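Structure first, commentary second.
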Amino acid sequence: MGRDTIADIITSIRNADMDRKGSVRIRSTNTTEHITKILLREGFIENARKHRKGNNNFLVLTLRHRRNRKGPYKTSLNLKRISRPGLRIYSNYQQIPKILGGMGVVILSTSRGIMTDREARLERIGGEILCYIW
């Protein structure tokens, strides 16, 4: 794992989803816990548990898969990292993009914490666009 923890969790979840794994283990930080809570609340993952092994804390996420599906497997979870350490992307609340006409979720880091695009529009605050999920 590198220094960009958000990109690490996005990549870990995307890889586990493509391999049809039932769960994925990620390193636990405050940022990853807040993003996990959003994913759980929006219904993109089924469950999240916090574990401790030695001095390391980690989260075990149970992924949601389409069952009884015939034909080639298509990922049910699409994640895209937007703002990264080399190029930060900021937006005010009026210009926050809508993913799939509002069906997707934009996760933002604001002055009041990490929240979704809907919450940021209601509170009328902007921030750094972390990732898109659809």
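Positions are given from 1, in the same order as the sequence printed here. Here the structure is a predicted model, which means the values were calculated and not measured.
Remark: side-chain polar atoms of Arg81 are paired, donor with acceptor, to backbone N or O of Leu130 under 3.5 angstrom. Side chain of Gln95 to backbone of Asn92: no donor-acceptor contact under 3.5 angstrom is found. A donor-acceptor contact shorter than 3.5 Å is absent between the side chain of Ser23 and the backbone of Thr62.
For the pair Ile26/Thr36, a side-chain contact is recorded, criterion being any heavy-atom separation below 4.5 Å from C-beta on. Under the 4.5 Å side-chain criterion, counting only non-hydrogen atoms from C-beta, Tyr93 is not in contact with Glu123. Contact annotation: the side chain of Lys50 approaches that of Ser28 to within less than 4.5 Å [non-hydrogen atoms, C-beta and beyond]. Contact of the Arg41 side chain with the Ile38 side chain is registered, since non-hydrogen atoms from C-beta on lie closer than 4.5 Å. The closest side-chain heavy-atom distance from Leu39 to Ile13 is below 4.5 Å. Counting heavy atoms from C-beta on, the side chains of Arg27 and Thr5 come closer than 4.5 Å. A heavy-atom distance below 4.5 Å is not found between the side chains of Ile6 and Arg84. Side-chain contact between Thr116 and Glu42 is present, with heavy atoms from C-beta onward closer than 4.5 Å.
Atom-to-atom distance recorded for Tyr132:OH and Ile99:CD1 is 4.5 Å, nearest 0.5 angstrom. Here the OG1-CD distance, from Thr29 to Glu33, works out to 7.0 Å after rounding to the nearest 0.5 Å. Atoms CG and CD, on Leu61 and Glu46 in that order, are 11.5 Å from each other to the nearest 0.5 Å. Atom CG of Leu87 is separated from atom CD1 of Ile82 by 10.0 Å, given to the nearest 0.5 angstrom. Atom OG of residue Ser83 and atom CG of residue Leu108 lie 10.0 Å apart, to the nearest 0.5 angstrom. The CD1 atom of Ile35 sits 12.0 Å away from the NZ atom of Lys37 when rounded to the nearest 0.5 Å.
In the hydrophobic clustering, Phe58 connects to Val60, either directly or through intervening members, whenever side-chain heavy atoms lie under 4.5 Å apart. Other members of the hydrophobic cluster containing Met115, listed by chain and number, are Ile125; membership follows side-chain contacts under 4.5 Å among ILVMFWY residues, whether direct or relayed.
Of all heavy-atom pairs spanning Val24 and Ser12, the tightest one is CG2-O, 3.7 Å. Considering all non-hydrogen atoms of both residues, Phe44 and Trp134 come closest at CE2-C, 4.2 Å. The shortest heavy-atom contact between Gly104 and Asp117 is O-OD2, 4.4 Å. Among all heavy-atom pairs drawn from Ile133 and Leu77, the shortest one is CG2-CD1, 3.9 Å.
Under the 4.5 Å side-chain contact rule for hydrophobic residues, Ile107 and Ile89 do not share a cluster. Ile10 and Val106 are not part of a single hydrophobic cluster, where members link through side-chain heavy atoms under 4.5 Å apart.
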Stepwise side-chain contact (heavy atoms from CB on, under 4.5 Å) check, Arg118 with Leu122: CA-CA 6 Å; Arg118 290 179 215 109; Leu122 285 175; 5.6 Å; no
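Judged as a side chain to side chain donor-acceptor pair (under 3.5 Å), not a single pair has a partner in residues 101-111 (not counting sequence neighbours).
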